Every structure is written in structure tokens, then in C-alpha cells.
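Residue numbering restarts at 1 for every chain, and letters A, B, ... go by the order of the sequence lines. Owing to the predicted nature of the structure, the values given are computational and were not obtained by experimental measurement.
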Amino acid sequence: MNIQFKKGVLELCVLVILCRKDTYGYELVQTISRNVDIAEGTVYPLLRRLMKEGYFTSYIQESAEGPARKYYQITEKGRKYQDVLREEWTRFTAGVNKLILTEETA
Amino acid sequence: MKKEDFLSQLHRALGRMSESEKKEILYDYEEHFRMGAVEGKGEEEICRSLGSPRALGRSYAIESLPDRPEEGHGSATLALRAVLASVSLGFFNIVIVLGPFLGLVGVMIGLWAAAAAIALCGAAVVLAVPLWPMLPFLPGLSVLQGFFCFFTGTALAALGLLAVIGMWKLSLLFVRATVAYVKFNARIVAHRK
């Protein structure tokens with residue numbers, strides 16, 4: 001799949017997951033890669049950039065089972081951005097689906 | 001690939017970032033390796049699913065590019081650097097490049113003169129044949145001698161012409177090389193990467 005396109009979609013995936021609950025990096029990556037075929041490493045640069053842009057913050061939390069985890073927490077700005085992206089995505093896929101499913105008239 | 005290879009390749013690919021920033025970035029991957037290990041995945045398997053560390057490093061490097069040039073280095077430093085570059089380049093050019101360059105220019109001029117001389121000489125010999133009777137005090141030219149002069153002259157003129165064409169091409173090459181070198185200098189002065 002086109003890399004630029006994938007990057008944009010990944011952004012949406014990350015924000016959607018974080019809107020549901022605080023998530024740590026590994027869990028986030030696994031949730032995405034279970035559903036979408038990606039090189040898992042590419043999520044981390046994205047996380048860093050989105051965090052720099054203020055869409056979420058991070059905190060480290062010790063866990064009972066295993067190593068400490070870096071959790072990401074969505075901000076108000078991130079939530080709004082997610083709404084915009086989600087809306088765009090819905091409209092975009094609806095349009096493409098309509099295009100694909102419309103029987104050829106030519 | 002093992003975890004250590006992955007991390008060191010990534011570290012290298014991050015390029016000119018501050019050490020603390022690199023550490024933060026590597027931390028994410030170290031955590032990823034730790035979590036994967038907890039789930040019972042091998043280091044090689046984790047490396048495979050992460051993707052190329054070099055490509056990852058590049059994507060960080062791209063995203064961390066300063067938006068404005070003065071963020072990375074002070075513009076004063078940049079200017080100073082440009083001045084230093086031009087001064088040291090100037091020194092290098094005068095001491096090392098200028099001598100051979102002038103020598104080459106001399107050689108080119110000499111070759112041009114030689115080529116032109118051969119061509120003119122040939123033309124003169126050819127012209128000498130019809131002009132011969134007009135020249136006083138000279139013994140007459142036999143038919144055989146006339147033919148000889150004509151053909152030798154033609155050959156000489158052709159040879160000279162070829163040499164001139166060759167020199168033309170050589171000069172173009174020389175000019176192009178000089179321009180390329182000057183441009184290269186300008187690029188270095190503008191910003192050294």
C-alpha cells in the first residue's frame with residue numbers, strides 16, 4: 001500500500017485507540033498490527049511526532065507483571081483532531097466504496 | 001538480527017540528533033523488546049516485525065528537522081562557517097589548484113595554436129599552386145610538383161581542421177569542468193553538509 005496513505009491512516013488508528021483508554025506503546029502497536037499489516041516499528045516515530053504536536057502526553061507506570069510501561073494519554077486537542085480525522089475517513093471510504101460498488105455504466 | 005544490532009543500527013541512523021533525544025527514542029524500542037520477550041517472542045522475530053532500523057531512524061531524522069534554520073544552529077554560526085569555508089577554500093584554490101589550472105590553460109592555448117598553424121599551413125600550400133606563376137624570381141613548377149603540393153596541402157589542411165575540431169571539443173570539456181568546479185566551491189560555501 002502507498003506509504004503516505006498508510007501513514008495518514010496509522011495516525012487515525014493511534015488516535016482512535018487512545019481515545020478509548022490510556023495505552024502503552026507495545027499494546028498500541030499490537031492492537032494496530034493485529035488489524036492492519038504494518039512494520040510495527042513505524043508506529044513509534046508517529047507516536048513521538050503526535051506527542052510533540054500535543055495530541056497526547058505520556059507517563060511511565062510500573063506494572064506488577066513485568067517491566068515498566070510508557071503510557072500515552074490523549075489530550076483535548078488530540079480528541080478534537082481524532083474527530084476531524086475520523087470524519088474525513090468516513091467520508092473518504094464511503095465515497096470510495098460507492099465508487100467501487102457502482103456498476104459500470106460506461 | 002539481534003536486539004543489540006537493531007538498536008545500534010537505529011542509533012546510527014538517527015544521525016545528528018542530541019544524545020538525550022536518541023536515548024528517548026531507543027527507550028521505546030527497548031521497552032518493545034522487553035514486552036515482546038515477556039510474551040515469549042524471540043529477538044529475531046521482534047526485529048522482523050519492527051522493520052528496518054535504518055528506515056525507522058531516517059523517519060525520525062526527517063521529523064526532527066528544524067522548521068526554521070536558526071533553530072538548529074545560530075544563523076551567526078552558519079555565517080561564520082560560510083566565511084571560514086570560503087577562506088579555506090580560497091587558500092586551497094590559490095596554493096594548489098591555481099598553478100596546475102594556469103598550466104592547463106597554457107597547454108590549451110599552445111594546442112590551439114598548433115592546430116591552427118597546421119590548418120593554415122596546409123591552406124597556404126594549396127593556395128601556393130595557383131599563385132605560383134605570379135611570384136617573380138622563382139623557378140617554374142613542374143606539373144608533378146604542382147600535384148604534389150596540392151595534395152600535400154589538402155592533407156595538411158584537413159589534418160589541421162581535424163585538430164581544430166578536436167580542440168573545440170576539448171575546450172568545451174575544459175570549460176565545463178571549470179564551471180563544475182566553481183559550482184562545487186559555491187555549494188561548499190553555501191552550506192557544508
Side-chain angles (χ1 to χ4, degrees), chain A residues 1-11 13-15 17-18 21-73 81, chain B residues 1-68 71-72:
Chain A
M1 205 197 285
N2 180 300
I3 289 177
Q4 285 306 321
F5 185 73
K6 223 170 184 173
K7 267 190 183 163
V9 177
L10 267 185
E11 228 174 89
C13 294
V14 166
L15 289 168
I17 295 170
L18 288 180
K21 65 179 174 75
D22 292 5
T23 314
Y24 57 96
Y26 188 80
E27 186 186 7
L28 198 66
V29 171
Q30 297 308 316
T31 310
I32 295 174
S33 71
R34 260 201 304 278
N35 298 291
V36 190
D37 177 33
I38 50 158
E40 296 184 356
T42 54
V43 178
Y44 291 108
L46 185 74
L47 284 173
R48 195 172 167 77
R49 181 166 61 79
L50 291 177
M51 193 155 76
K52 270 189 182 167
E53 287 169 18
Y55 296 125
F56 41 82
T57 56
S58 73
Y59 58 92
I60 306 266
Q61 197 172 59
E62 302 292 332
S63 78
E65 75 280 10
R69 296 160 176 179
K70 188 168 163 189
Y71 277 85
Y72 296 91
Q73 183 174 44
Y81 187 48
Chain B
M1 198 179 357
K2 303 287 272 184
K3 173 182 166 186
E4 291 311 318
D5 303 321
F6 182 93
L7 292 177
S8 70
Q9 278 187 31
L10 177 61
H11 187 269
R12 229 173 305 135
L14 289 176
R16 296 161 57 157
M17 240 173 244
S18 73
E19 217 40 54
S20 66
E21 210 171 348
K22 288 185 185 176
K23 221 168 139 189
E24 276 178 42
I25 290 168
L26 287 182
Y27 174 87
D28 287 338
Y29 291 93
E30 283 161 8
E31 189 183 295
H32 190 97
F33 274 104
R34 278 199 297 272
M35 304 300 263
V38 169
E39 283 194 353
K41 286 185 194 157
E43 289 185 3
E44 258 125 49
E45 185 188 350
I46 298 174
C47 285
R48 257 199 312 281
S49 60
L50 279 174
S52 149
R54 263 174 240 152
L56 290 172
R58 272 198 299 276
S59 62
Y60 280 108
I62 289 168
E63 279 170 7
S64 78
L65 279 183
D67 298 331
R68 284 159 291 156
E71 248 176 42

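Of the two parts of V29(A), only the side chain, counted from C-beta on, holds a non-hydrogen atom closer than 4.5 Å to a non-hydrogen atom of chain B. For Q30(A), the part lying near chain B is the side chain, with the backbone staying farther off; criterion is any non-hydrogen pair under 4.5 Å. For chain B, the nearby part of I60(A) is the side chain; its heavy atoms alone come within less than 4.5 Å.
For E62(A), the CD atom sits in a loose shell: 12 or fewer heavy atoms of surrounding residues, nucleotides or ligands are nearer than 6.0 Å. No more than 12 heavy atoms of other residues, nucleotides or ligands shown are found within 6.0 angstrom of CG on D37(A).
Within the 4.5 Å cutoff, no side-chain heavy atoms of M35(B) are placed close to those of E27(A). Within the 4.5 Å cutoff, no side-chain heavy atoms of L10(B) are placed close to those of Y44(A).
Minimum interatomic distance between G41(A) and Y29(B) (heavy atoms only, all atoms of both residues): O-OH, 3.0 Å. The two atoms that bring G51(B) and A39(A) nearest to each other are CA-CB, 4.1 Å, heavy atoms only. Of all heavy-atom pairs spanning T42(A) and L56(B), the tightest one is N-CD2, 3.5 Å.
A salt bridge does not link K70(A) to E30(B): none of the charged nitrogens lies less than 4.0 Å from a carboxylate oxygen. Electrostatic pairing of K52(A) and E24(B) does not count as a salt bridge here, judged by no charged N lying under 4.0 Å from a carboxylate O.
Using a 3.5 Å distance cut-off with no hydrogens or angles, the side chains of Y24(A) and E31(B) do not pair a donor with an acceptor.
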